[in-house]
Each structure stands twice: as structure tokens, then as C-alpha cells.
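Any value given below was found using the heavy atoms of this structure, including those in side chains, with hydrogens, waters and symmetry copies removed.
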Amino acid sequence: DTAGIRRKAKIDADVEKLAVTMALSQIERANIVVLVIDAELGPAEQDARIAGMVEQAGRGLVIALNKSDLVGNDAAKARLRELTKDTFHFLAWAPVVMLSAQRGDGVDRLLDLVDNVAREHKKRIPTAQLNRFFAEVIEEMPPPLHHGRAVRIHYLTQATTRPPTFVLWANTPDGLAPSYKRFLANRLRERYGFKGEVRAVGDVLREQARFMVRCGMDAYMPSDGST
């Protein structure tokens, strides 16, 4: 609940640091995180920072705008939705719900979303199905050349769930551009859902599904070549 984590201009830095540390501790303990934001204040930079921690930790995420009954008319709520979309543009996969905890409005919807995200978080796609899908994707848009050399992706499998993590084999481990990784993650999400969490090739994309690149029989390697 970020209501206790105020904008920097409003609270002492040490108190804010403690609040963020406590939030991070709770994120590490959770499978699915509900980021509760005061709808009257609207989302701010600190909310985006906390959401980024959730994404980096590989947790499922639902964004809840509490006190939405105090926002006003439909036009004001539409502006709030747009501001939320802009603030969390790097987390377009995360569902958003407007609610009033005091009145109970939207709470059932929130719980339904948490259940849905939890199912997505545990989803596993059979390898044969993944590779049929992947063949279609590569035919539609092959990976860009890397230093004039074709990048050949041989195989894709889902290594783990919570979060869904995908591993692929390629002839050039560091040859997949970040834009192509985002393309792959987006296509996976379009086909299979994965609302609330997905990571992708080599590094964690601003979405939900991790990909790592493996070259031949070597150990798993991040796409940047680091160990």
C-alpha cells in the first residue's frame, strides 16, 4: 500500500527509505502483489518505482486504485485511468482495478483479478506447442542480423513457472536485440495470455516472461554475455 510512501517533497527521506525497504521485503515474500494507490492523489514516481521492484522480483502484479469513489465524475475517472496508463507504461501487462475499500466497491473484481494473475503466473505451455508457435513467429519476422551474421534460433522451452520463464537455444547467445526480445515476449503474451507477469530472453523485459539464451550444450548465459 503506497499510501504510506509519500512523494519526496512531503516526507523525511529516512522515513521514505524505511517505507520502501519494508515494501521490498513484502514483495520478496509474495507471489502476487497488489499495488494499492490513493486514487485521489493518483499514481506518482514512487508508485512506479515500487512497481518496478515488483517486476524485477518476478512477481505477479495487480494495480488497485483505492478511494475511486472520491475521484468524481466519469471524465475525472477517465483522466485517472490515462494517468495510470502513462505512469506504468512499462507494465502494460498489469491489470488495473478501481475500487473503494471502505464501501466495498470493486473488491470482488480485485479478488477475481488476483486469482486470474495467480493462474497466469503458474501457467505452463507444452514444448511441442511452443515450438510450433515459435516457427510461425520466426517465419513472420526472423531475428535481425548480428554483425552481419544471421541469428538462428533452434529451440524454445519453458523452464519454470512463477514467473513463466522461457529458455531458447541460438547460435549467437548475445545476438538477439532488445527490440526482438520485446517482440517475442509480446507475441507469447498475445497467444498465451500471461497477464500480470512475463520475462524474456537474456534480461527481464518490461512485461512478464523471462527468456534466457543457451548456445549449444554450454551453460545458460545471459544475452549480454555476463556470468
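Counting only residues at least two apart or on different chains, the salt bridge (charged side-chain N to carboxylate O under 4.0 Å, His left out) pairs with a member in residues 21-33 are Glu28-Arg59. Residues in residues 140-152 take part in these salt bridge (charged side-chain N to carboxylate O under 4.0 Å, His left out) pairs, two or more places apart or across chains: Glu140-Arg187.
Applying the side-chain contact (heavy atoms from CB on, under 4.5 Å) test to Ala30 and every residue at least two apart in sequence or in another chain returns Val33. Residues meeting the side-chain contact (heavy atoms from CB on, under 4.5 Å) test with Leu145, sequence neighbours left out: Ala150. For Glu139, the salt bridge (Lys or Arg N to Asp or Glu O under 4.0 Å) criterion is met by no residue, not counting sequence neighbours. Remark: Asp86 pairs with Glu82 by the side-chain contact (heavy atoms from CB on, under 4.5 Å) rule, at least two apart or across chains. Here Met22 pairs with Leu18 under the side-chain contact (heavy atoms from CB on, under 4.5 Å) rule; sequence neighbours left out. With sequence neighbours left out, the salt bridge (Lys or Arg N to Asp or Glu O under 4.0 Å) criterion links Arg81 to no other residue.
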Audit row: Leu61, Leu91, side chain to side chain contact (heavy atoms under 4.5 Å, CB included) steps and yes/no: CA-CA 9 Å; Leu61 174 64; Leu91 298 172; 3.8 Å; yes
Side chain to side chain contact (heavy atoms under 4.5 Å, CB included) between His121 and Ile32, intermediate numbers included: CA-CA 8 Å; His121 208 53; Ile32 309 300; 4.1 Å; yes
Worked check of side chain to side chain contact (heavy atoms under 4.5 Å, CB included) between Trp93 and Glu55: CA-CA 11 Å; Trp93 44 263; Glu55 190 262 347; 3.8 Å; yes
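For the pair Ile27/Ile50, a side-chain contact is recorded, criterion being any heavy-atom separation below 4.5 Å from C-beta on. Between Val167 and Tyr155, the closest side-chain pair of non-hydrogen atoms is not below 4.5 Å. Put simply, the side chain of Val151 does not reach to within 4.5 Å of the side chain of Pro144, judged on heavy atoms. No side-chain heavy atom of Asn66 sits less than 4.5 Å from a side-chain heavy atom of Asp38. Side-chain contact between Leu65 and Val97 is absent, with no heavy-atom pair separated by less than 4.5 Å. At least one side-chain heavy atom of Ile63 sits under 4.5 Å from a side-chain heavy atom of Ile37. The shortest distance between side-chain heavy atoms of Tyr180 and His146 does not fall below 4.5 Å.
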Would you list the atom pairs, donor with acceptor, under 3.5 Å between side chains in residues 124-138 and any protein atom, with sequence neighbours excluded?
unit_1, atom_1, unit_2, atom_2, d
Arg124, NH1, Gln158, O, 3.1
Thr127, OG1, Thr157, OG1, 2.9
Asn131, OD1, Leu156, N, 3.0
Asn131, ND2, Thr127, O, 2.9
Asn131, ND2, Leu156, O, 2.7
Glu136, OE1, Arg191, NH2, 2.9

What donor-acceptor contacts under 3.5 angstrom involve side-chain atoms of residues 98-111, with partners at least two apart or in another chain?
unit_1, atom_1, unit_2, atom_2, d
Ser100, OG, Asp69, OD1, 3.2
Ser100, OG, Arg103, N, 3.2
Arg103, NE, Asp105, OD2, 3.1
Arg103, NH2, Asp105, OD2, 3.2

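A distance of 10.5 Å separates CG in Leu80 from CD in Glu40, rounded to the nearest 0.5 Å.
Val36 and Leu70 end up in different hydrophobic clusters when Ile, Leu, Val, Met, Phe, Trp and Tyr side chains are linked at under 4.5 Å.
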